[in-house]
Every structure is written in C-alpha cells, then in structure tokens.
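Side chains are part of it too, since the values below use all heavy atoms of this structure and drop only hydrogens, waters and symmetry mates.
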Amino acid sequence: MRTPHREGPAAAPAPAAPASGRLLPAVGFSAAAQAAPQVTNLVLTPYLIAHLGLDRFGVWSLVLVLLATLTVLDGGVGASLARFHAHRAARGDRDGAGRLVLASLAVFVCLGALVTCLCVLLGPAVVAAVHLPPGLRPEAQRLLVVLGPLLTLALASSSASALLQAHGRFRTLAAVSGGSCLTYAVGVTALVRDGGDLTLLALLTAGRYLLMTVGGLAAGARHLRLRRPLWPPRAERREFGGYALRMQLSGFTVFLNGEIDALVVAALLPVRYVGVYAAGYQAAMGLRSLPLFAVPPMLTRVTHAFARDGLPGAVREFHLLEARWRPVVLTYGVVTTTAVGLAVRAWLGPELALAGAVAAVLMAGYTVQVALTGVRTCFVRAVGRPGHETRYSWCATVVNLALTVPLALALGVVGVVLATAVGVTVGSLYFVVLCRRTAGLRDRPLPARWLPATALATAVAVAGDLLVLCLGRHGVLPLLLAGLPVLAGLALAAALLTRPLTGGPKEELV
C-alpha cells in the first residue's frame with residue numbers, strides 16, 4: 001500500500017479526524033455556505049422572469065449554463081483543490097497552501113484570458129446556432145465577451161472556498177458566502193428593471209464572485225505563508241496534475257450529463273424552453289445539493305483519517321458515514337421527487353408546469369446518484385483514486401448520450417432530462433460494484449421501518465402541497481409554504497426511523 005506523502009521533519013502531525021459532535025455543526029455551516037447562492041437564485045428567478053421576460057431570461061440562463069460548463073472544464077484544478085488543501089492542512093503546511101493558492105489563481109487567469117479570446121472569435125457563430133429572437137442577438141453576443149472574466153472570478157471563489165473547507169472554517173465560509181449573495185440580491189432588485197440590461201446582470205454576478213474571493217482569501221490568510229519558491233516544485237505539480245487530469249475526466253462527464261442538456265434544448269427548441277429547462281434544473285439541483293452540503297466536511301474527515309491511518313482508517317470512516325448517509329438521503333429523495341412538481345407550480349405558476357415535470361424526472365435520478373455515490377466519492381478522492389469516479393461518470397455519460405436524441409425527439413425537453421436520469425442511475429450502480437470489488441466497501445441493509453416511514457412522509461408532503469396549490473397564488477411565499485409539508489413529512493420520517501422498538505432492541509440507522 002502506498003503511504004500518504006509527507007514533507008520533511010518540520011511538517012506538523014496530522015490532526016485527529018473531527019468527532020461526530022463536531023461534524024454536525026460543520027455540516028450545518030457548510031450547508032449554509034452552499035445554500036446561499038441557491039436560495040438567492042430561487043428568490044430572484046420569479047423577479048427576473050417578470051422583469052426580463054421569458055425570452056431574455058432564457059438568454060441569461062444559457063449564459064449561466066455556458067459559465068457552469070466552463071467552470072467544470074478547468075482541467076480538474078477546481079475539483080482537486082479541496083483534497084490537496086486538506087492534505088496540507090492535515091500536515092500544517094502553510095507554505096504548501098500558499099503555493100497552491102497562487103498556482104491555482106494563475107491557472108484561472110490564463111483560462112479566463114483564453115475563453116475571452118475564443119468568445120470574441122466564435123461568439124457570432126455561437127449566437128447564430130441558437131434559436132434567438134433577432135432583437136436579442138446583439139445582447140447575447142455582448143454577454144459572451146464577459147464569460148472569460150466571469151470564469152476567472154468564479155473559479156477563484158472556489159479556490160478561496162476550498163482553502164476554508166480544508167481547515168474546517170465552515171462558519172466563516174457561510175458568512176462570506178451569505179454576505180456576497182446578499183449584496184448581489186440587493187444589487188439585482190435595486191438596478192434591474194423591466195427589459196433590464198443583461199450586461200448589468202453579468203457585472204453584478206462578477207461582483208458576487210469577487211466579494212467571495214477577496215473575503216475568503218482574507219479570512220484564510222492565517223493558513224497561508226508566501227515565501228520563495230512561490231511556485232510548487234515539480235514533484236508537487238506532477239502529483240497535482242495527474243490527480244487533476246483524472247478529476248477533469250470526471251468533470252467532463254458532468255458537462256455531458258448536465259449542462260449539455262440545455263445546449264440540446266437550445267439547438268432543437270425555441271430559446272424560451274431553455275428558460276423552462278433552467279427553472280426545472282435549478283429546482284432539482286437545489287434539492288439535490290441539500291444532502292451534498294455534508295460532502296465537504298465528510299471529505300475533510302476521510303482525508304484526515306487517510307493521512308493519519310492510511311487506507312484502513314479511510315475504510316472505517318466510510319462505513320461509519322455511509323450507514324448514516326444512505327437511509328436519510330433515500331427518504332429525502334423519495335419525498336422531494338414526489339413533491340417537487342407541485343412546488344414548482346406554486347413557485348412559478350401553472351404556465352410553467354412543464355418545469356416541474358423536468359425537476360421531478362431529474363430529481364428521481366439524482367436521488368439514486370447522491371444516495372449511492374455521496375460518501376463513496378469522498379472516499380475515492382481522499383485516498384487518491386479519482387479514477388473510480390471517472391469510470392462511473394463515463395458509464396453514466398455513455399448511457400445518457402445514447403438516449404438523449406431519441407428521447408428528445410419523442411418527448412421534447414422531458415425526454416432530454418429522462419436520458420440524464422437513466423444515465424446517472426446506471427452509472428451510480430456501476431460505481432457501487434466498482435468500489436466493492438476494489439476497496440471492499442459495502443452497505444448495510446436499510447432499516448425495517450424505512451419503507452413505511454418514507455411512505456408516510458411522502459403522503460404528508462403531497463397532501464400539503466396540493467392544499468397550497470388550491471390557494472391559486474405563486475411566487476416565493478407560496479414556494480416557502482409548499483416547503484412546510486415536505487419538512488413536516490421528513491420530520492415524521494425521522495421520528496419513526498429513530499424511535500426505539502417497543503419490547504425489543506433499539507433499531508438504529510448506524
């Protein structure tokens with residue numbers, strides 16, 4: 001077994017992995033940090049649709065899809081930073097952390113410059129390939145030019161986030177993320193008016209990323225030390241580059257399984273359907289992200305265990321975390337998949353009910369994916385085996401690509417997302433088999449009361465959301481009301497799953 005790399009006699013001993021009592025607050029603050037942008041988007045989406053119109057909102061959604069695509073296609077650097085920062089944090093290596101931050105920022109600036117040049121050259125061809133109303137073409141072309149700077153700032157903000165995550169600074173991360181999102185929301189509501197300029201919206205978005213980057217790096221400055229050599233040595237660059245390449249292969253499948261769906265919709269349907277897709281995708285991704293808020297603390301915990309005890313320590317941490325993770329995520333996923341279509345109608349109105357169908361189909365696939373791969377992804381990244389993640393991601397991608405065009409022609413936008421849901425389900429099952437064969441990772445059976453508890457929670461959520469729809473209102477407030485029955489159902493399920501059995505041994509999730 002290859003032992004984890006350690007630097008010199010001056011490196012500090014690896015700290016103990018955080019105890020369960022410390023993990024829960026970390027998950028809470030991690031959730032707050034990651035939820036802030038999504039909550040902001042949920043609140044602002046009805047406002048933007050009302051003031052921009054569905055066509056212009058579709059253009060803005062397409063730009064955000066391109067930005068999300070480019071952040072994924074960054075050479076795997078962004079996805080690798082959390083793991084390498086955590087390794088340096090475990091050894092107390094402030095010099096290495098400083099070199100890692102500087103090198104990543106340099107890479108991101110170069111990527112932004114490259115994208116800017118490509119957008120200037122290819123922008124007219126990209127705009128011509130999309131079904132846009134003639135009046136929106138000049139505005140869309142101007143937006144493409146600012147993609148490069150937006151990309152640099154978005155990636156830089158992820159670098160600052162990775163630094164804070166690696167040192168367990170989730171409370172600080174939540175404050176920085178929440179502050180930048182609040183500033184952005186105030187700017188949008190104060191400055192964007194009917195028929196608003198999309199370039200202004202792009203500048204406000206850039207400001208949010210800049211605040212996140214500066215605030216995060218300032219808060220994490222005590223974990224860095226900048227001194228020569230400022231660039232990582234060749235051995236570190238080679239190790240990071242090999243890991244990042246494998247992460248990029250996995251990241252490319254994220255593009256093929258997610259962002260490309262919007263591009264397919266834009267190529268086959270009028271641009272307003274990109275807005276419909278984006279609304280449903282946003283709802284599904286928001287719900288999918290809630291359990292994933294626990295991933296950064298879990299990754300830090302498994303990485304510290306691996307740095308301290310090697311592969312056996314990481315395996316022990318996996319089994320402890322997985323026993324808690326899978327029942328909770330599956331219950332949450334079943335309830336939210338059933339209720340999300342109703343919630344989207346309460347949010348955007350009956351005329352965008354198609355977005356609710358998009359969200360429900362996607363959420364069904366995401367439920368299986370998150371439940372089966374969440375802790376396994378932390379494990380393979382922590383122990384330096386991202387190739388496992390790459391293989392399962394490509395399996396999902398092949399299935400998705402094989403189904404996308406025929407299902408899109410048969411079912412339209414719903415067919416596009418159905419192909420994605422089937423693909424991620426098949427790929428996730430393959431990931432379970434792969435990890436079982438190579439690392440001996442196994443799951444315990446679900447608790448006996450999982451099925452009735454989940455069924456009761458689903459019935460409560462659906463009944464409550466139907467009552468909310470009877471009010472005939474839509475917007476952020478009805479969306480919040482629609483969330484209350486879901487929370488009530490999940491609370492009932494949690495109570496049933498954790499209640500001791502009468503007259504017998506206590507049945508636990510772990």
Check: Taking side chain as C-beta onward, heavy atoms only, is V375 less than 4.5 Å from F379?
Finding: no
H388/Y392 aromatic ring centres below 6.0 Å: no
Would a distance-only check, ignoring hydrogens and angles, find a side-chain to backbone donor-acceptor pair under 3.5 Å from W325 to V370?
yes
Item to check | Residue pair P452 / L496, side-chain heavy-atom distance below 4.5 Å | outcome: no
Any donor-acceptor pair under 3.5 Å from E389 side chain to V380 backbone: no
All heavy atoms of T40 vs all of A185, minimum pair found to be CG2-CB, 4.1 Å
Step-by-step side chain to side chain contact (heavy atoms under 4.5 Å, CB included) determination, L497 to V328: CA-CA 9 Å; L497 288 170; V328 172; over 6 Å; no
Of all heavy-atom pairs linking V424 and S428, the shortest is O-OG, 2.6 Å
query: Is any NZ, NE, NH1 or NH2 atom of the basic residue among R376 and E322 found under 4.0 Å from an Asp or Glu carboxylate oxygen of the other?
result: yes
### Query
Near R171 CZ, under 6.0 Å, is it more than 12 heavy atoms from other residues, nucleotides or ligands?
no
Q: Determine yes or no for a side-chain-to-main-chain donor-acceptor pair under 3.5 angstrom, with R169 supplying the side chain and A219 the backbone.
A: yes
For L211 and V176, the nearest pair of non-hydrogen atoms, with its separation, is O-CG1, 4.3 Å
inquiry  = Test your reading of the model: is there a side-chain donor-acceptor pair from S161 to the backbone of S157, 3.5 Å cut-off?
reply    = yes
To the nearest 0.5 Å, atom OG1 of T337 lies from atom OH of Y366 at 11.5 Å
Do Y184 and V188 have side chains that approach each other closer than 4.5 Å (heavy atoms only, starting at C-beta)? yes
Rounded to the nearest 0.5 angstrom, the CH2-OG1 distance for W450 and T331 is 5.5 Å
Looking only at heavy atoms, the pair that brings T303 and L299 closest together is OG1-O, 2.6 Å
>> side-chain hydrogen bond (donor to acceptor under 3.5 Å, both in side chains), that's the test. Do Q165 and T300 meet it? Break it down for me.
In response: CA-CA 8 Å; Q165 290 172 5; T300 300; over 6 Å; no
Run the side chain to side chain contact (heavy atoms under 4.5 Å, CB included) test on D443 and R326 for me, step by step, so that the C-alpha distance in whole Å, both residues' side-chain angles and the decisive distance to 0.1 Å come before the verdict.
CA-CA 9 Å; D443 296 313; R326 192 165 53 95; 3.4 Å; yes
* Using a 4.5 Å cut-off on heavy atoms from C-beta on, say whether the side chain of L52 contacts that of L201. => yes
The reported gap from OG1 in T183 to CE in M212 (rounded to nearest 0.5 angstrom) is 12.0 Å
One should read off an interatomic distance between L164 CG and F29 CZ, to the nearest 0.5 angstrom, of 13.5 Å
Margin query: Do T45 and F57 have side chains that approach each other closer than 4.5 Å (heavy atoms only, starting at C-beta)?
Written below: yes
Got V295 and M298 here, is their nearest side-chain heavy-atom distance under 4.5 Å?
yes
Tell me, do V340 and V486 make a side-chain contact under 4.5 Å, heavy atoms counted?
no
Does OH in Y273 sit with more than 12 non-hydrogen atoms of other residues, nucleotides or ligands closer than 6.0 Å?
no
Item to check | Test side chain to side chain contact (heavy atoms under 4.5 Å, CB included) applied to L150 and L70, step by step | outcome: CA-CA 10 Å; L150 279 176; L70 292 170; over 6 Å; no
Margin query: Check whether S177 reaches the backbone of A174 with its side chain - one donor and one acceptor, N or O, closer than 3.5 Å.
Written below: no
For L173 and A33, the nearest pair of non-hydrogen atoms, with its separation, is CG-CB, 3.7 Å
Flag side-chain contact, heavy atom, 4.5 Å: L469 against D465
no
| Is a donor on one side and an acceptor on the other found under 3.5 Å between the side chain of R473 and the backbone of C470? | no
Fill in: T454 and L330: CA distance, side-chain angles, deciding distance, side chain to side chain contact (heavy atoms under 4.5 Å, CB included) verdict
CA-CA 9 Å; T454 302; L330 285 175; over 6 Å; no
Of all heavy-atom pairs linking T420 and N400, the shortest is N-OD1, 3.4 Å
Rounding to 0.5 Å, atoms CG (L451) and CG (L456) come to a distance of 11.5 Å
Task: Whether R324 side chain and L320 backbone form a donor-acceptor pair below 3.5 Å - done: yes
Are the side chain of W347 and the backbone of L42 linked by a donor-acceptor contact shorter than 3.5 Å? yes
When rounded to the nearest 0.5 Å, the distance separating CG of L287 from OG of S289 is 8.5 Å
(Q) Between H51 (side chain only) and Y47 (backbone N and O only), is there a donor and an acceptor less than 3.5 Å apart? (A) yes
